[in-house]
Q: 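Submitted below is the structure of interest, expressed as structure tokens.
Order of appearance sets the numbers: ligands from 1, and atoms from 1 within every ligand. Values in this document were obtained by computation on a predicted structure and should not be read as measured data.
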Amino acid sequence: MNLFKNTGILYIVPTPIGNLSDITYRALETLKSVDLIACENIKHTNILLKHFNIKNILITFNKINESQKSNNLIEELKKGKKIALVSNAGTPLINDPGYLLIKKCHLFNIQILPLPGPCAAITALIASGLSTHRFCYEGFLPSKKQLRRDLLNSLKKEKRTMIFYESKHRIIETIKDIINEIGENRHIVIAREITKKWEIIYGNKAYLMLSWIKEDENRYNKGENVIIIDGYKEFKNVNISDKIINTFTILRTVLSLKQSVLITSKIHKIKKNNLYQYAITNKDK
Ligand code: SAM
């Protein structure tokens, strides 16, 4: 029994995020065979189609016209048309238009066929070295300074790995905000220009990442970025600075754990329990 009232199908088709070879066979077949392709930018999608020698009808479907165009597309789908939805790059709907259209397809009982494919968030996450068991996707941070800071602050104790998109214009400001709101020692990873010529995926403590990004102006003047922030660790909630860690580590090479904790706590006026917690987390026996 066909669950769907209409014979039309909406295909959601991810496209490469940099390297055109990342297109899938199924994406190419779909883009060739559908009745029309709804895309964010005709010029942009034409480059892709031309590269793969595909000719098809393109119509614009973007943030500005999404509401009106969703109604038009629904009418076409009701007539039985097969339509592919693409964005400029990556997976449609992931910080790209499409949500309204998909919602309406559900409302009007129209079949949706999503194709798996490139997505910057997931590609960055799997290479980040941070936990992939539980993660949350936050998209772009607010552009308004205070809202951005408030949001980061609200995520301070988020235990899942956090994924953000960030533009080159704000990357430095955002790292500074991460340092201030989440902590200078939180491990973050920046995945830049994934699948492209200058691809680099690098991670370290937030304050060191700030120096790293400032080292080379190409890192903050050019390119696309995904920022991944390590989740909050229960035992790492004690604010132990590098200075304290240095003292403790040096003492620990010659003294017992108990003596190292006692002396470090006296020098830096820090609770002994916090140092024990640090030691446990870092597997000091
Ligand atoms: N729908 C897309 C996806 O599936 O990844 C995301 C679209 S969003 C408008 C564009 C943002 O994704 C960029 O500003 C950047 O943060 C991230 N991005 C896209 N391509 C990237 C790449 N090759 N390397 C790093 N980040 C990328």
Q: For E215, is there an ion pair with R219 - N to carboxylate O distance below 4.0 angstrom?
A: yes
Q: Using a strict cut-off of under 4.0 Å between a residue heavy atom and any atom of ligand 1, list the qualifying protein residues by chain and number.
A: I17, A89, G90, T91, I94, N95, D96, C119, A120, F140, Y165, E166, A191, E193, I194, K196, E224, N225, V226
Q: Other residues, nucleotides and ligands only: do more than 12 of their heavy atoms fall within 6.0 Å of CG on N53?
A: no
Q: Please determine whether salt bridge (charged side-chain N to carboxylate O under 4.0 Å, His left out) holds for the pair E173 and R170, giving the CA-CA distance in whole Å, both sets of side-chain angles, and the decisive distance to 0.1 Å.
A: CA-CA 5 Å; E173 283 314 301; R170 264 204 321 262; over 6 Å; no
Q: Under a 4.0 Å threshold between the charged nitrogen and the carboxylate oxygen, would E224 count as salt-bridged to K196?
A: yes
Q: For Y165 together with Y137, are the ring centres under 6.0 Å from each other?
A: yes
Q: Does D177 pair with R149 as a salt bridge, N-O distance under 4.0 Å?
A: yes
